[in-house]
Number of protein chains: 2
Amino acid sequence: MKEPLTTGTMQSVNLQATAFLAKALADENRLRIIQNLAQGKKSVSRIVEELGISQPLASHHLKELKRALLVTVERSGPFIYYELADPCIMTILTDLNNLAASLLADRTKF
Amino acid sequence: MKEPLTTGTMQSVNLQATAFLAKALADENRLRIIQNLAQGKKSVSRIVEELGISQPLASHHLKELKRALLVTVERSGPFIYYELADPCIMTILTDLNNLAASLLADRTKF
DNA sequence: CAAGTATATAAACATACATTTATACGATGT
DNA sequence: ACATCGTATAAATGTATGTTTATATACTTG
């Protein structure tokens, strides 16, 4: 009788999926895109304009966000529209930002 | 009269700090360490034992977590104890995990 | 001061990733 | 069919990052 395969804790946290999601959020340009998409569905060219990044760079990061299931894609004529897959994404972003601010505030080093 | 420096949205989100924090959370071994430290303050050797990773690797990731202000360090004799800097860290981890699960569940591709 | 334990650091390496430049693809209009 | 616009992809490049192996540092004990 072998041991169960789970080596972790009770409340099973999928660390692999979590790390993957965190990695998708771990780039400032991607966060800017997410924040921009929080205003609603937008085309690539609009994102490029509003964020002032190159079109291939936007395309690359949008691809990563899509890979992480953070955005959904929809074609309409010559335009391709990206949209946040879930409103909760903004909540996480705010939470992360708040934690970051809190950690910076609490640090007692100068 | 020049424009204000902020190019972002109303509720100012420090994307740089947020991306930096996300990057610190974007590694499975670091998440395992955080999850392990959720049980309380622990020495490096204990973390190494319980997670089954090499000592230098643990040391490296602990250094990263410290750099991100996610853990605090304390020496006691020959041992060095690491501790989560803030309980909220576990909340974020759970939230990230929940979002990851939700995104995976909501995807309508097979 | 020598030896052992706990931890950190250095070196070396492979891999991943962000960015740019150039090009291809797809849709639309003439 | 051609030109043009919107977007994606490829190639190239520099840099960052995770991991291992080897070594150094710090503390403790004899």
Side-chain angles (χ1 to χ4, degrees), chain A residues 15-37 40-85 109, chain B residues 15-37 40-85 109:
Chain A
L15 296 183
Q16 189 172 328
T18 306
F20 183 75
L21 175 58
K23 203 172 285 189
L25 299 174
D27 180 272
E28 198 171 343
N29 278 324
R30 280 196 291 273
L31 293 185
R32 295 215 295 147
I33 292 175
I34 290 174
Q35 191 182 240
N36 190 262
L37 288 182
K41 190 185 303 188
K42 293 190 187 181
S43 68
V44 176
S45 49
R46 181 133 177 242
I47 297 170
V48 165
E49 278 178 10
E50 296 185 355
L51 298 189
I53 63 183
S54 75
Q55 179 269 318
L57 184 57
S59 203
H60 165 68
H61 285 306
L62 286 167
K63 189 180 188 176
E64 289 298 305
L65 292 174
K66 178 181 157 200
R67 215 166 67 95
L69 306 176
L70 287 167
V71 298
T72 58
V73 196
E74 176 192 352
R75 173 153 225 151
S76 173
F79 298 95
I80 299 189
Y81 291 94
Y82 285 84
E83 187 178 14
L84 286 192
K109 278 188 174 182
Chain B
L15 296 184
Q16 189 172 327
T18 306
F20 183 74
L21 175 58
K23 204 173 284 189
L25 299 175
D27 179 272
E28 198 171 343
N29 278 325
R30 280 197 290 273
L31 294 185
R32 295 215 295 147
I33 291 175
I34 290 175
Q35 191 182 239
N36 189 263
L37 287 181
K41 191 185 303 189
K42 293 190 186 181
S43 68
V44 177
S45 49
R46 179 128 179 247
I47 297 170
V48 164
E49 278 177 8
E50 295 184 357
L51 297 188
I53 63 183
S54 76
Q55 179 268 317
L57 186 56
S59 203
H60 166 68
H61 284 305
L62 286 167
K63 189 181 188 177
E64 289 297 306
L65 292 174
K66 178 181 157 200
R67 215 167 67 95
L69 305 177
L70 288 167
V71 298
T72 59
V73 195
E74 177 193 353
R75 171 153 227 153
S76 174
F79 298 95
I80 299 189
Y81 291 94
Y82 285 85
E83 187 177 15
L84 285 192
K109 279 189 176 183

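Here is the naming used below: chain letters follow the sequence lines, and residue numbers restart at 1 for every chain.
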### Task
May I ask you to say what Arg30(A) touches in the nucleic acid, namely base, sugar-phosphate or nothing, with a heavy-atom cut-off under 4.0 Å?
sugar-phosphate
### Query
Of all nucleotides in DNA chain D with an atom under 4.0 Å from a non-hydrogen atom of chain A, which is the first and which the last going 5' to 3'?
dG6(D) to dT9(D)
Pairwise N/O distances under 3.5 Å, protein to nucleotides 8-13 of chain C:
residue	atom	partner	partner atom	Å
dA8(C)	OP1	Tyr82(B)	OH	2.5
dA8(C)	OP2	Ser59(B)	OG	2.7
dA8(C)	O5'	Ser59(B)	OG	3.4
dA8(C)	N7	Gln55(B)	NE2	2.7
dA8(C)	N6	Gln55(B)	OE1	3.3

### Task
Using heavy atoms and a sub-4.0 Å distance, could you list which residues of residues 18-27 of chain B are near DNA chain C? By number, please.
none
### Message
What is the separation between atom NE2 on His61(A) and atom C1' on dT19(C), rounded to the nearest whole Å?
### Response
8 Å
### Message
Would you compute the distance between atom CD of Glu28(B) and atom NE2 of His61(B) and round it to the nearest 0.5 angstrom?
### Response
10.5 Å
### Heavy-atom side-chain contact between Glu83(A) and Val71(A) under 4.5 Å
no
### Message
For a 4.5 angstrom cut-off between non-hydrogen side-chain atoms, does Asp27(B) reach Leu31(B)?
### Response
no
### Query
Do Ile33(A) and Ile47(A) come close enough that some side-chain heavy atom pair is under 4.5 Å?
yes
### Task
Could you list all the salt bridge (Lys or Arg N to Asp or Glu O under 4.0 Å) pairs where at least one residue sits in residues 48-64 of chain A, not counting sequence neighbours?
Lys42(A)-Glu50(A), Arg46(A)-Glu50(A), Glu64(A)-Arg67(A)
### Task
Verify, without hydrogens or angle tests, whether Arg30(A) (side chain) and Leu65(A) (backbone) share a donor-acceptor contact under 3.5 angstrom.
no
### Message
With a cut-off of less than 4.0 Å, is there a side-chain N or O of Asn29(A) near OP1 or OP2 of dT19(C)?
### Response
yes
### Task
Write down the atom of Tyr82(B), the atom of Val73(B), and the distance for their closest heavy-atom approach.
CE2-CG2, 3.4 Å
Got a list of protein N/O to nucleotides 26-30 of chain C N/O distances below 3.5 Å?
none

### Query
CZ/Arg32(A) to CD1/Ile34(A) distance, rounded to the nearest 0.5 angstrom?
12.5 Å
### Message
Measure OH/Tyr81(B) against C1'/dA6(C) and give the value in whole Å, please.
### Response
10 Å
### From Leu69(A) atom CG to Leu21(A) atom CG, the distance as rounded to the nearest 0.5 Å
9.5 Å
### Message
Measuring to OP1 and OP2 of dT5(C), would you say a side-chain N or O of Ser45(B) lies under 4.0 angstrom away?
### Response
no
### Task
Please collect all side chain to side chain donor-acceptor pair (under 3.5 Å) contacts where either partner lies in residues 71-81 of chain B, sequence neighbours excluded, each pair once.
Lys41(B)-Glu74(B)
### Task
For the residue pair Val48(B) and Leu57(B), establish whether any side-chain heavy-atom pair is separated by less than 4.5 Å.
no
### Message
Within the 4.5 Å heavy-atom criterion, are Leu25(A) and Leu70(A) side-chain neighbours or not?
### Response
yes
### Message
Return the CG to CG distance between Leu51(A) and Asn36(A), rounded to the nearest 0.5 Å.
### Response
4.5 Å
### Query
How many Å lie between CZ on Arg46(B) and P on dT7(C), as a whole number?
12 Å
